[in-house]
Amino acid sequence: MEHPLSLYNTLTRRKAPFEPLHAPFVGVYLCGPTVYSEAHLGNARGPVVFDVLTRYLRYLGYTVRYVRNITDVGHLESDADEGEDKLAKKARAQQLEPMQVAETYAHRYHHHMAQLGNLPPDIEPRASGHITEQITMIEEIIANGFAYEVNGSVYFDVPTYNESHNYGKLSNRNIDELLAGTRDNLAGQGEKRSPLDFALWKNASPEHIMRWPSPWGEGFPGWHLECSAMSRKYLGKEFDIHGGGLDLMFPHHECEIAQSQASHSHTDESQVWMHNNMITVNGTKMSKSTGNFITLTDLFAGTTEALSQVFSPMVVRFFLLQAHYRSPVDVTEEGLQAAGKGYRKLMNGLRLLDKLALPEGTERAADTEKADAELRKLTADCFVGLNDDLNTARCVASLFNLLRKLNGYGANLATLANVSEAELQETTASYRALVTDILGLADEPRADAEQLLHLTLHFYQEAKAAKDYAKVDEIRAALKEQGIVVKDTKAGVDWAYSEE
């Protein structure tokens, strides 16, 4: 399949035309959440970006298998394989089973992702459900000479691996410099032969709740291992696109590449590595201590201290899409307010589409080529941004240029005579597809149904007081069609659901 889509590959540090391994099939893997706490605003960016990517790939005609994992075991407090399991620690603090904690936060995460307009992944594997696959991969790595067992734990041997491979190539780090930076900690490494080695399997201490039997004793898998094992299971030893936040490039994704190469000798696991940049709030990194830590629950409810008003999920989605995914995003109240205005303009554009019809009796111009060409260019410009490494910022800017032209037609429908019917239909279809199918923006009703009902009953009372019985009957009939019965009582006007 020929198409103009190019993507930036973190591994090669360049953009290149996207060529799937087995077109028209495309495999996409995104590192998902560790479900031990509420998802915050930074957790939303990756899913929104890769939702747009999968939507666009499908729009281009590809058959996409989108996999996004859930981490519910093995993610310790420190990347150096130290500390408690984050989920087990939260479970102990709340006096719950770890899987109760996992289910609670996974459910909330799914709810927030749906609010943001993200389509669910095709497959959402959990680390705890793939222990067998992870043990198998560890056995392969040991057999190939790249891991060793100590006291029931298994560690990946980074220096040995680096003799025949290149540990650090994704994050552009040199192993000698990494070793020099950790030399002071050599004495505290305990079981590890090198401070760069990382856990594939950890022996469970007696008090550790989450534990499984293995050839090395009871324990649990290392955090990095799950993504290698689960991506291989559902996408194959090599697949097309691996995504995640920039903060996961090292050590998580670097370790993934090492594990995959060490277990089955394939080169880089994924053909294209894509990393979305980070989010700051008012110019500073999100932190609970500074009071600018924004959970999605608080953001959508308007209960965060960092912002003074409610911002809906669709406004937040549009705000994130106004920036290219590889650029940092700074969250400010002014920026979100501006995004709200832009989002509503696009939604008004959707409402306009059905009204763009040539007035009856108006003759179409004999030559529409000039106007048709202008519309074609404005529409094509929207896709130029998407094809240039999924540049949604450029796509949105082009959409506003197209909308400006459509609004001009809406203000003077007679000018539609200069455009052919076929071109107008193609343009409106493209606008709708770009806004809803690709960018994933949906209309959010702004009116409160309860308030509208009370307002209607107010008009009912006014009509009754004025003895305008025709209007009274009209309002009664209209409400009845909506399943609402008006009740005149001694205490005043009330309503009830129709039981008919």
Side-chain angles (χ1 to χ4, degrees), residues 28-54 66-77 79 86-87 89-90 101-121 124-127 223 226-227 242-249 252-253 274-282 284-307 311-323 325-331 335-336 339 392 440:
V28 179
Y29 188 94
L30 176 65
C31 288
T34 301
V35 285
Y36 74 101
S37 65
E38 289 271 3
H40 58 73
L41 184 53
N43 300 139
R45 192 175 192 190
V48 168
V49 167
F50 287 91
D51 180 65
V52 173
L53 175 65
T54 55
Y66 175 32
V67 181
R68 184 184 71 207
N69 72 295
I70 283 182
T71 299
D72 57 1
V73 66
H75 196 167
L76 304 185
E77 294 175 288
D79 287 339
K86 293 183 177 183
L87 202 140
K89 182 178 180 180
K90 177 60 72 73
V101 175
E103 286 301 319
T104 296
Y105 290 116
H107 176 75
R108 292 183 191 178
Y109 181 80
H110 291 148
H111 176 64
H112 292 318
M113 293 303 102
Q115 285 181 299
L116 286 164
N118 293 329
L119 300 174
E124 192 174 48
R126 297 194 179 200
W223 172 41
E226 62 176 279
C227 289
H242 194 311
L246 198 60
D247 58 327
L248 295 178
M249 185 192 305
H252 187 54
H253 289 163
M274 296 176 65
H275 292 91
N276 59 277
N277 214 318
M278 301 293 100
I279 284 179
T280 57
V281 180
N282 295 316
T284 61
K285 183 180 178 180
M286 274 199 298
S287 169
K288 292 180 180 178
S289 61
T290 59
N292 70 346
F293 189 82
I294 305 176
T295 68
L296 294 178
T297 296
D298 288 340
L299 177 61
F300 300 154
T303 54
T304 173
E305 295 180 4
L307 302 167
F311 291 100
S312 71
M314 279 295 115
V315 168
V316 173
R317 182 183 181 94
F318 180 71
F319 173 79
L320 294 175
L321 294 179
Q322 283 184 303
Y325 75 90
R326 287 194 289 117
S327 299
V329 169
D330 186 39
V331 179
L336 285 165
T392 54

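This structure is a prediction, so every number in the text was calculated from the model and none was measured. Only heavy atoms go into these numbers, but all of them, side chains included; no hydrogens, no water, no symmetry mates.
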Contacts of R126 that satisfy salt bridge (Lys or Arg N to Asp or Glu O under 4.0 Å) - sequence neighbours left out:
E103

Test side chain to side chain contact (heavy atoms under 4.5 Å, CB included) on T392 and Y325; report intermediate values, then the result.
CA-CA 8 Å; T392 54; Y325 75 90; over 6 Å; no

Does the side chain of [Y] come within less than 4.5 Å of [X]'s, by heavy atoms?
| X | Y | result |
| --- | --- | --- |
| C227 | N69 | yes |
| V28 | V67 | no |
| H110 | H107 | no |
| N277 | R45 | yes |
| L320 | I279 | yes |
| V331 | L336 | yes |
| L41 | V316 | yes |
| L53 | Y66 | no |

Rounded distance [0.5 Å steps], [atom1] in [X] versus [atom2] in [Y]:
| X | Y | atom1 | atom2 | result |
| --- | --- | --- | --- | --- |
| R108 | L296 | CZ | CG | 12.0 Å |
| I294 | T304 | CD1 | OG1 | 4.5 Å |
| F318 | S312 | CZ | OG | 11.5 Å |
| N43 | S37 | CG | OG | 7.5 Å |
| F293 | D298 | CZ | CG | 9.5 Å |
| L116 | H111 | CG | NE2 | 10.0 Å |

Measure across [X] and [Y] and return the closest heavy-atom pair with its distance rounded to 0.1 Å.
| X | Y | value |
| --- | --- | --- |
| D72 | A102 | CB-CB, 4.1 Å |
| E124 | R68 | CG-O, 3.0 Å |
| T297 | E38 | OG1-OE1, 3.0 Å |
| A44 | P47 | O-CD, 3.4 Å |
| I70 | A106 | CD1-CB, 4.1 Å |
| F300 | P313 | CE2-CA, 3.6 Å |

Side chain to side chain donor-acceptor pair (under 3.5 Å) partners of S327, counting only residues at least two apart:
none

Going by side-chain contact (heavy atoms from CB on, under 4.5 Å), name the residues that satisfy it together with T34, two or more places apart in sequence or in a different chain.
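For T34, the residues satisfying side-chain contact (heavy atoms from CB on, under 4.5 Å) (neighbours in sequence not counted) are Y36, T71, H75.
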
R317 and N118: side-chain hydrogen bond (donor to acceptor under 3.5 Å, both in side chains), yes or no, with the steps?
CA-CA 9 Å; R317 182 183 181 94; N118 293 329; 2.8 Å; yes

Take the angle between the ring planes of H242 and H253 and call it parallel below 30°, perpendicular above 60°, tilted in between.
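Ring orientation, 0 to 90° scale: perpendicular.
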
Can a donor-acceptor pair be found, under 3.5 Å and without considering hydrogens, that links the side chain of D330 to the backbone of N282?
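Checking the backbone N and O of N282 against the side chain of D330, a donor-acceptor pair under 3.5 Å is found.
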
